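In listed order, ligands and their atoms are each counted from 1. Sequential numbering from 1 along the given sequence is applied to the chain's residues. Note that this is a predicted model, so its numbers are computed, not measured.
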Amino acid sequence: MSQTDIATLNQQFGLGSQLQFVMGAGAMPIIIISNPLASASIAMQGAHLMTWAPRKHRPVVWLSPAAKYAQGKSIRGGIPICWPWFGPHATDGKLPGHGYARTVPWEVIATRALPEGSTHLAMRLIESDASRQQWPHTTPVEMHFSVGTRLSCDLVTHNTSSAALTIGAALHTYFAVSDVGQVRIHGLGNCTYIDKVDAGKRKTQSGAIQFSQETDRIYLGSVADCLIDDLGWQRRIRVHKRGSASTVVWNPWVDKAASMGDFGPDGYRRMVCVESANAADDVVVLKAGGRHRLRVEYNVESL
Ligand code: TA6
């Protein structure tokens, strides 16, 4: 994308200092939002929200200081969009884990300054021969953000094909924490989960989740709010969602993080993923002509 393209985007969708397009690292176009309630940044590749900080709060979404910015490569941190499958592809191991949505270009379809001070941004995945090779179905997908004291994200899939389709998805959100050892996650008690670090065994959650090792779990049939309590920063991040039956809880811990190469020296201690998803048993069968909305809303409360 050229500087001329950036200028055209600012003419068409810019909202003055509240929403502007800039050329970011790796020559990737970035959308910068700054309103009286919050600030945020979104990469146009993958409609990938990278940062969100309500005014008077520390950043809520974590972005790795060692993230790599390159076309076709997912950015470590923020809210990667996993779609139209979660995890490895069901039948073709050559296809990218977590689908292709997060590594292809999206376009802006609308921007709006909302009366209460938030900023609305709507984007749509740009389909291509490359995307159709991975997913030969017509399923336009949009992402709608509302950036303010709360952050809401809506992932909307429309099945315009003539057959029902199975869709797996996740808003794979990295939350910023003081130290992962100070974190307690409530809201998943008594849920069944698939323990991906214990041969995929199915277990039942008892009480709050704490972290002392690599943790990678898919909680099934989990629809209640999740509360991410950070004792170090004395804050609670509330995860409220609709249209998502799975919750994925992930921290790579030291060895896995080091092997990934884009977490930075102690990055794993500064983040926890609580992902609102439809995965495993909870994937969505979307009928022909149907629409599915996966919605999350994040806000910060005092502990
Ligand atoms: O959501 C947890 C997970 O599936 C982990 O197994 C790990 O692979 C993580 O996603 C990150 O995946 P990525 O492809 O972004 O490196």
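Ranking protein heavy atoms by distance to atom 5 (C) of ligand 1, first place goes to D216 OD2, 3.2 Å. Ranking protein heavy atoms by distance to atom 8 (O) of ligand 1, first place goes to M260 CE, 4.3 Å. When only non-hydrogen protein atoms are considered, atom 3 (C) of ligand 1 lies nearest to H98 NE2, 3.7 Å. Protein heavy atom at the shortest distance from atom 14 (O) of ligand 1 is R102 NH2, 2.8 Å.
The shortest N/O to N/O separation between K196 and ligand 1 falls below 3.5 Å. Note: no N/O pair closer than 3.5 Å links K256 and ligand 1 by distance alone. Considering both main-chain and side-chain atoms, S74 never comes within under 3.5 Å of ligand 1 through any nitrogen or oxygen pair.
In R217, neither the side chain nor the backbone holds a heavy atom less than 4.0 Å from any atom of ligand 1.
Every atom of ligand 1 is numbered from 1 in the order shown, and the set under 4.0 Å from a heavy atom of V248 is 1 (O). Ligand-side atoms of ligand 1 in range of R76: 11 (C), 13 (P), 15 (O), 16 (O), range being under 4.0 angstrom from any heavy atom. Counting atoms of ligand 1 from 1 in the listed order, those under 4.0 Å from a heavy atom of E275 are 1 (O), 2 (C).
Under the 6.0 Å cut-off for aromatic ring centres, F211 and W250 do not qualify, their centroids lying 6.0 Å or more apart. Annotation: H172 is in aromatic contact with Y174 [ring centroid separation under 6.0 Å]. Between F86 and H98, the gap from one ring centroid to the other is short of 6.0 Å.
Residues D154 and R295 are paired through a salt bridge, judged by an N-O separation under 4.0 Å between the basic side chain and the carboxylate. Electrostatic pairing of D281 and R202 counts as a salt bridge here, judged by a charged N lying under 4.0 Å from a carboxylate O. Salt-bridge annotation for D129 and R132: present, with a side-chain N of the basic residue lying under 4.0 Å from a carboxylate O of the acidic one. In summary, D179 and R270 engage in a salt bridge, as defined by a charged side-chain N under 4.0 Å from a carboxylate O.
Rounded to the nearest 0.5 angstrom, L188 CG and S206 OG are separated by 12.0 Å.
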